[in-house]
Amino acid sequence: FPGGLPIDNAAREGSVTIQFPRGLTGPRDQREHRFDFSFSGLKTAVARWVEARQRAGEPLPTNDVAASFQEAVCDVLTTKAVAACQEHGIETLVIGGGVAANSRLRALAEERCAKAGIVVRVPRPKLCTDNGAMVAALGAHLVSAGVEPGRLDWSPRPGEMTCGEIVRHLAGAERFFMTKVIDDRFI
C-alpha cells in the first residue's frame, strides 16, 4: 500500500488470465447490496492463488495477476456505477480519488458509460490523489461563498481532532459543505 500505480503498470504488461471473484455481485447481493462493493474477498482470493503457485513451485506471472486483479476491481466498480446512474436517472458519472488515476478504470468507465449514454468525467491523473480534488472543490466553494480563511499556525494532533473540526478550523467556518464527511478521528 499504496499499490495503485505499481498494479496499473504491471497490468499493462500482463493479460487477464485468471478469473478472480467479483464481490457482492451474486443474485442475493443484487437485492441486498446492489450498489455496495467489497474487495476483501478478492484480496484473499489473490493471496490464496499466489500461495498455491508458490507452494507448487510454479512461476508467478506477476503481470497477469496484476491485470486479472485490476480487471476484477474495475469490472465491479464500473458495473455498479453505471447501474446506479441508470437506476437513478443520473446522466453524468464523476470518478474521483486515487482510484480514478487507474488507466483500466478510466477506459472501462468510458466504454461502459458510452454504451449506456452516460457522460463520464474524470480529472487528469495528477489530480487523482487522496481525494485532493474533493478538498480543493470544498475550498473553492468556501472561497466563492465568502468564507474568511482561518489561521494556519496550528499543528494537528493525531487522535484529537476530527476531520470536520480540521475543515472548520482551516476554513474558519461554522458550517461547511462537503459531498461526504468522514467523521472518524483524524489520523
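- The cluster map of Ile, Leu, Val, Met, Phe, Trp and Tyr, joined by side-chain heavy atoms under 4.5 Å apart, puts Val99 and Phe20 in the same cluster.
- The two residues Asp36 and Lys80 make their nearest non-hydrogen contact at O-NZ, 2.6 Å.
- Distance check: Leu105 CG to Ile95 CD1 gives 5.0 Å after rounding to the nearest 0.5 Å.
- The CG atom of Leu93 sits 11.0 Å away from atom CZ of Arg121, with the distance rounded to the nearest 0.5 Å.
- If you chain together hydrophobic residues whose side chains sit under 4.5 Å apart, Val94 and Leu77 never meet in one group.
- One distance of note links CZ of Arg104 with CG of Asp75; it measures 8.5 Å at 0.5 Å rounding.
- Remark: Ile18 CD1 to Arg53 CZ distance equals 7.0 Å, nearest 0.5 Å.
- Partners of Arg48 according to the salt bridge (Lys or Arg N to Asp or Glu O under 4.0 Å) rule, which considers only residues two or more places apart in sequence or in another chain, are Glu51.
- Counting only residues at least two apart or in different chains, ring-ring contact (aromatic ring centres under 6.0 Å, His included) contacts with residues 56-79 are absent.
- Between the CZ atom in Arg112 and the SG atom in Cys85 there is a gap of 13.0 Å [rounded to 0.5 Å].
- Considering CG of Leu24 and NE2 of His33, their distance stands at 6.0 Å, rounded to 0.5 Å.
- Not counting sequence neighbours, the partners of Ala83 by the side chain to side chain contact (heavy atoms under 4.5 Å, CB included) test are Arg34, Phe35.
- For the pair Asp29 and Phe37, the minimum side-chain heavy-atom distance is 4.5 Å or more.
- Applying the salt bridge (Lys or Arg N to Asp or Glu O under 4.0 Å) rule to Arg28 yields the partners Glu32; only residues at least two apart in sequence or on another chain are considered.
- Residues Leu108 and Phe39 do not share a hydrophobic cluster, clusters being chains of Ile/Leu/Val/Met/Phe/Trp/Tyr side chains in contact below 4.5 Å.
- The side chain to side chain donor-acceptor pair (under 3.5 Å) check on Ser103 picks up Asp8, Arg12, with sequence neighbours excluded.
- In this structure a side-chain-to-backbone donor-acceptor pair under 3.5 Å is missing from Ser68 to Val65.
- By the side chain to side chain contact (heavy atoms under 4.5 Å, CB included) test, Ala116 is found to be paired with Val82, Gln86, Ile118, residues two or more places apart in sequence or in another chain being considered.
- Applying the salt bridge (Lys or Arg N to Asp or Glu O under 4.0 Å) criterion to Glu111, with sequence neighbours excluded, gives Lys115.
- Partners of Arg106 according to the salt bridge (Lys or Arg N to Asp or Glu O under 4.0 Å) rule, which considers only residues two or more places apart in sequence or in another chain, do not exist here.
- In terms of heavy atoms, Ala67 sits closest to Gly14 at CB-C, 4.0 Å.
- Applying the side chain to side chain contact (heavy atoms under 4.5 Å, CB included) rule to Gln19 yields the partners Val16, Arg22; only residues at least two apart in sequence or on another chain are considered.
- With sequence neighbours excluded, the residues forming a side chain to side chain donor-acceptor pair (under 3.5 Å) with Ser40 are Ser38, listed by chain and number.
- Residues that satisfy the side chain to side chain contact (heavy atoms under 4.5 Å, CB included) test with Ser15, not counting sequence neighbours, are Thr17, Asp64.
- Nearest heavy atoms, Cys74 versus Asn102: SG-OD1, 3.6 Å.
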